[in-house]
Amino acid sequence: MNLTSEIKLIVPAIDSVPLMGHPALEKILLVFTFILHMIPMNILLGSLMIAAALKTQKLIKYGNYDFAYRLYRDILKMLPTALSLTITLGVAPLLFLQSLYGPLFYTSTILMAPFWLLILAFIMVSYYILYLLGWTEEKVLRPLRLPLLLAALAGLLYTAFMYGSNNSLMQAPQKFHSIYNSTFYGLYIYLSDINIILRFLHVIAGSILIASIAIFTISYFKKENDRDFAVYTADYLRPVFLLAFSMQALIGFSMLFAQKPEIYSALMGENVFQTGALWLGVAFAAVQLVAAHFKGEYILKKATLITLLVSAFACLAMMAVTRDFIRDAEIGKAFSYMSNPYQWNVIVLGAFFITLAGGLAVCAYMLFGLEEVKKP
Amino acid sequence: MNYPFWDIPFLGGSMLIAIIAILHVIVSHLAVGGGFYLFLAELKYSREKDVKFLAYLKSHARFFMLLTTVFGAVSGVGIWFVIALVSPAATSTLIHIFLYGWAIEWVFFLVEILAVILYVYKFDSLTQSSRIQLAFIYMAAAWLSLFIINGIITFMLTPGDYYFTSNFFSAFFNPTFLPSLLFRTVVCIAFAGIFAMFTATFQFEEELREKAVKYASAYLLPALIFMPLFALWYFAVLPGLARDIVTGASALILIFANISAGSAFLMLAAGIAHAWIEPKRFSTIFTILLIIFASTFLATFELVREAVRKPYTLYNRMYSNSIYVDKHNNPEIDPAGFLANLKWCDIKKIDDSNLLAAGREIYRYQCQACHSIEGYNAIRPLVKYWSADFCEASLLKLNTLKKFMPPFFGNDDERRALAHYLFSLNNKIEDKTARR
């Protein structure tokens, strides 16, 4: 018996109930909804780190104190909403992940069950801390503010790490049996893969990049009322962005070189689609780098903002596609999501897509169509 | 057995699910009912133009958002996490059947969350008409979210003819779908009323407090009138065994059912009576008492609902211990035995040297989903005075002696091994192959 068939034996069998659409459709939905989830998640994590940097007043020289404090307050106020949206938008990819990779995902989760469940407590505590600091900071004792902020950050970093660890473990079914025999209580954290640490650092640096663009966007829309603040924000965020970009480039290439030879080859030309996705992502990152260098009047131009936003989104999307490819390549022949049985149910699928379109239209209406009280 | 078993000492998986689920169910019912409250209270304001009531509504909405958007959402994800850990096979089946149902529910959830966030954060900057629209969108999305989830939950107990037809709609619109939906809807509205009474008691101005309390008490009326009817309807369409369990086959479940009904009556009757007879003396302490009644009612109701599903997790499809009912899906009843098909266990053949270890493995996969060793629903006291022979004989007739127990799966050697292990829990027997 070769290694692959031994692994297949231990991977739980796929449920015999057919899915209502082709697994490839669900794969597309998985990647699409994962990208949607990544947007608020990156904004949340990165903004929180930038807020912590502002609060500690150490990491980056911030110049104008009033503007720095305003920036800090603006960031804090948006964090509870970012966390709510991160949770909400995280539900869909988790759903599609379970439907396609259930046998791997459920098993890896069981192997680290208590650590996985702790995520819930950390998210909840982090949310209430962020709400306290964002909306009622004056009621929080001054010496407690920074420790609370750091506690919320630690809770969210724990969550990010556990997600990465679980997703990495589900890619290693050959380790399932021995891990399970070492603990029936799920007291296992998967650390024995350099990619886990690299992925975690990649998430951290990436979140700072996305967050700095998001924060800049918010201040951009305030430029009519307060141009100086918008310029200050851009000036403050530029070195943050560049620092994170340098880290990200270093980590990203380290990750590339740490891949298995067959995955590395696929990303370096052997597989046109995957090579294209990765290097398009890198190209879009380079576009962000150029745009972020603009100063003064140029950074406040609409074209610069659109360039930053579009390239950041495109880069994120390409990296999500690459990430998905790496997952399937890592799992290899031990499991294929395409083996899930399916039987088209056009009515239910149609109901979903109509609801999705309707729901997004209602969201757009709520965001942009509601009438506000006219200010005198 | 397809998946590894997560061993949770003392508490057991079913109790862990119950703890998270009950917390979530209380908040999620409030989240749905709260939509009705926000919308109707906005309409009340548009009729009366009472600015003090509007100020109260604003503070109420903020507290409501804080409780529902994160606690409700995270505990909801928590249920998912924990059922996938405790019953991965059942979760996988549910996801395969209802994937797009859940995906539709996610869209409603997204709309609901965005609506309440905008409603609260833009309360002052939006026109009243916009606020009414937001409240309506929230109400509709939250109730539709209940509509979907209700179909999935009720399917687990009453799958209708899904397993014969494989028709999504016959799974979703199953026999208990409608009575359960109506029952939960009036419960949601009542919960919104009780929560509004609670926030109203924090209003300093007596007139406003009295007005808000009386207004909130009206939300308890639909439940007082219709809840017994919907409960009876729900009970009438339950499978026969489920009805037997709730009417006395299990004394504990009968007690829980009575506590549930009693708490519901106390919550509704006391809330309405106090609000109308003595609204001025309506205190925070009293509303906390109402919340305790409400929580007790819903917690025991959910426990009963889960318990009447026994011996199944998915009725007529999968037993509580994740073993399939259908022989075609059931390698566990292969003549080769249970252990031979147990992926996660290294013991495949039983002899005298591994009897105890084999029994422990069988216990883990066939019993531990419901019975901890000495904690919740502990097995040790249950078999305290049983001899090894009596254990073995009981296992042979397990599902006949107790209808809410799954049958034992395995060959004679495996039954002997499990009996030996059960006997060892209260009697000293040398373990020759202890793994832990």
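Below, chain A is the first sequence line, B the second, and so on; all start at residue 1.
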Out of [options], return the one with the most heavy atom pairs under 4.5 angstrom to chain A.
options                               : value
B:Arg62, B:Lys122, B:Glu112, B:Arg131 : B:Arg62
B:Leu85, B:Ile8, B:Ile97              : B:Leu85
B:Ser129, B:Ala73, B:Ala84            : B:Ala84
B:Ala115, B:Ala103, B:Gly78           : B:Ala103
B:Trp80, B:Tyr119, B:Phe71, B:Phe5    : B:Trp80
B:Val74, B:Asp124, B:Thr91, B:Leu66   : B:Leu66

Any side-chain to backbone donor/acceptor pair from [X] onto [Y]? Under 3.5 Å, distance only.
X        : Y        : result
B:Thr127 : A:Val373 : no
B:Asn2   : A:Ala13  : yes
B:His96  : A:Val17  : yes
B:Trp6   : A:Phe184 : no
A:Tyr106 : B:Pro4   : no

Item to check | Verdict with supporting geometry, B:Lys343 and A:Tyr180, side-chain contact (heavy atoms from CB on, under 4.5 Å) | outcome: CA-CA 11 Å; B:Lys343 274 187 179 165; A:Tyr180 184 62; over 6 Å; no
Interface residue of largest heavy-atom contact number with chain B, from [options], under 4.5 Å:
options                      : answer
A:Gly358, A:Gly359, A:Ala92  : A:Ala92
A:Thr33, A:Leu94, A:Asn345   : A:Leu94
A:Ile354, A:Thr81, A:Ile14   : A:Thr81
A:Trp135, A:Phe353, A:Phe105 : A:Trp135
A:Gly102, A:Ser99, A:Gly186  : A:Ser99
A:Gly369, A:Pro114, A:Gly21  : A:Pro114

Is the shortest heavy-atom distance from the side chain of [X] to the side chain of [Y] under 4.5 Å?
X        : Y        : value
A:His177 : B:Asp346 : yes
B:Val111 : A:Met366 : yes
B:Phe169 : A:Val348 : yes
A:Pro80  : B:Tyr121 : yes
B:Trp102 : A:Gln98  : no
B:Trp344 : A:Pro12  : yes
B:Thr69  : A:Ile87  : no

Could you give the distance from [atom1] ([X]) to [atom2] ([Y]), rounded to the nearest 0.5 Å?
X        : Y        : atom1 : atom2 : result
B:Gln128 : A:Glu371 : CD    : CD    : 11.5 Å
B:Leu126 : A:Leu370 : CG    : CG    : 6.0 Å
A:Leu29  : B:Tyr100 : CG    : OH    : 5.0 Å
B:Cys345 : A:Asn181 : SG    : CG    : 8.5 Å
B:Leu114 : A:Cys363 : CG    : SG    : 5.0 Å
A:Leu356 : B:Ile104 : CG    : CD1   : 10.0 Å

What part of [X] gets closer than 4.5 Å to chain A, counting heavy atoms only: side chain, backbone, both or neither?
X        : result
B:Ile137 : side chain
B:Leu110 : both
B:Leu144 : neither
B:Tyr163 : neither
B:Trp106 : side chain
B:Leu99  : both
B:Phe108 : side chain
B:Ser166 : neither
B:Leu134 : side chain

What part of [X] is in contact with chain B, defined as an atom under 4.5 angstrom from a non-hydrogen atom: side chain, backbone, both or neither?
X        : value
A:Leu95  : both
A:Thr183 : neither
A:Ala121 : neither
A:Val362 : side chain
A:Tyr365 : side chain
A:Tyr127 : side chain
A:Leu89  : both
A:Tyr128 : side chain
A:Pro103 : both

Checklist entry - Hey, mind stepping through A:Leu360 and B:Val107 against side-chain contact (heavy atoms from CB on, under 4.5 Å) and telling me if it holds? => result CA-CA 8 Å; A:Leu360 292 177; B:Val107 177; over 6 Å; no
Is the number of heavy atoms from other residues, nucleotides or ligands under 6.0 Å of [X] [atom1] greater than 12?
X        : atom1 : value
A:Gln343 : CD    : no
A:Lys175 : NZ    : yes
A:Ile347 : CD1   : no
B:Lys49  : NZ    : yes
A:Tyr101 : OH    : yes

Checklist entry - Is the gap between the ring centers of A:Trp116 and B:Phe81 under 6.0 Å? => result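 Yes, ring centres under 6.0 Å apart.
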Item to check | Steps toward side-chain contact (heavy atoms from CB on, under 4.5 Å) verdict (A:Leu120, B:Ser75) | outcome: CA-CA 7 Å; A:Leu120 302 169; B:Ser75 57; over 6 Å; no
